[in-house]
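One-based numbering along the sequence shown.
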Amino acid sequence: MKILMVCLGNICRSPLAEGLMREKIHSAGLDWTVDSAGTSGWHSGEAPDRRSVQIARANQIDISHQRARQFSRADFNRFDLIFAMDKSNLNELRELASSEAQRKKLKLFLAEIGDMPFEEVPDPYYDGNFQRVFDMLDVASDRFVQKYTGNR
Ligand code: 4NP
């Protein structure tokens, strides 16, 4: 399985989602691929926001090596599942899809997991609430891996 996590800038939410998902995949002993991208290219080439790096590091996850990149149409062929962090990201991705098969790969991450109190991962760039984002992504990525491995 190849999974892509997508937000707006690829510096706050999706790098955390990538790092957490990689951690859960590794712990479950799975041979899956995970990457992340932004619908915008505003921060292309940059390391994740230092607040994301810090909260990941405080939880024994290193995301400092990641570099932001913009989503491209080729990603529809490279990945099996493309998870948007919020509805605006999902809408942007839908506009880029050119077939029903591509559209089917697009999911709103928290809604897809089900049983989450929110459907969207709120953008922490201005409000600084990275803890809330980390906690949501931690639970959601854990549930995703459990769901697909049949554990629980
Ligand atoms: P992200 O957060 O989409 O979670 O990476 C943002 C990063 C940068 C900006 C907005 C959101 N920005 O406006 O530059």
Residue pair Val133 / Met136, side-chain heavy-atom distance below 4.5 Å: no
Gln66 side chain to Pro15 backbone, donor-acceptor under 3.5 Å: yes
No-hydrogen, no-angle side-chain donor-acceptor test under 3.5 Å, Asp135 and Gln131: yes
Gln102-Ser98 side chain donor-acceptor pair, cut-off 3.5 Å: yes
Side-chain heavy atoms of Phe109 within contact of Met21, under 4.5 Å: yes
Under-4.0 Å salt bridge between Lys104 and Glu100: no
Flag side-chain contact, heavy atom, 4.5 Å: Leu20 against Phe134: yes
Presence of salt bridge, Lys87 and Glu119, under 4.0 angstrom: yes
Scan the side chains in residues 111-118 for donor-acceptor partners under 3.5 Å anywhere in the protein, sequence neighbours excluded, and list what turns up.
none

N-O pairing of Asp75 and Arg69 below 4.0 Å: yes
Residues, nucleotides or ligands: over 12 heavy atoms within 6.0 Å of Asp127 CG: yes
Selection residues 48-75 - residue pairs positive for ring pair (Phe, Tyr, Trp, His ring centres under 6.0 Å), sequence neighbours left out: Phe71-Phe76
Linked, directly or transitively: Leu106 and Val34 (ILVMFWY side chains, under 4.5 Å): no
Arg78/Asp35 ion pair, N-O < 4.0 Å: no
Contact check, side chains of Arg13 and Asn89, non-hydrogen atoms, under 4.5 Å: yes
Val6 vs Thr39 side-chain heavy atoms within contact, under 4.5 Å: yes
Pairwise ring pair (Phe, Tyr, Trp, His ring centres under 6.0 Å) hits with a residue in residues 8-31, at least two apart: none
Atom pair CD1 (Ile61) and NZ (Lys24), whose distance is rounded to the nearest 0.5 Å: 6.5 Å
Distance in Å, Gln146 CD paired with Ser141 OG, rounded so as to fall on 0.5 Å steps: 9.5 Å
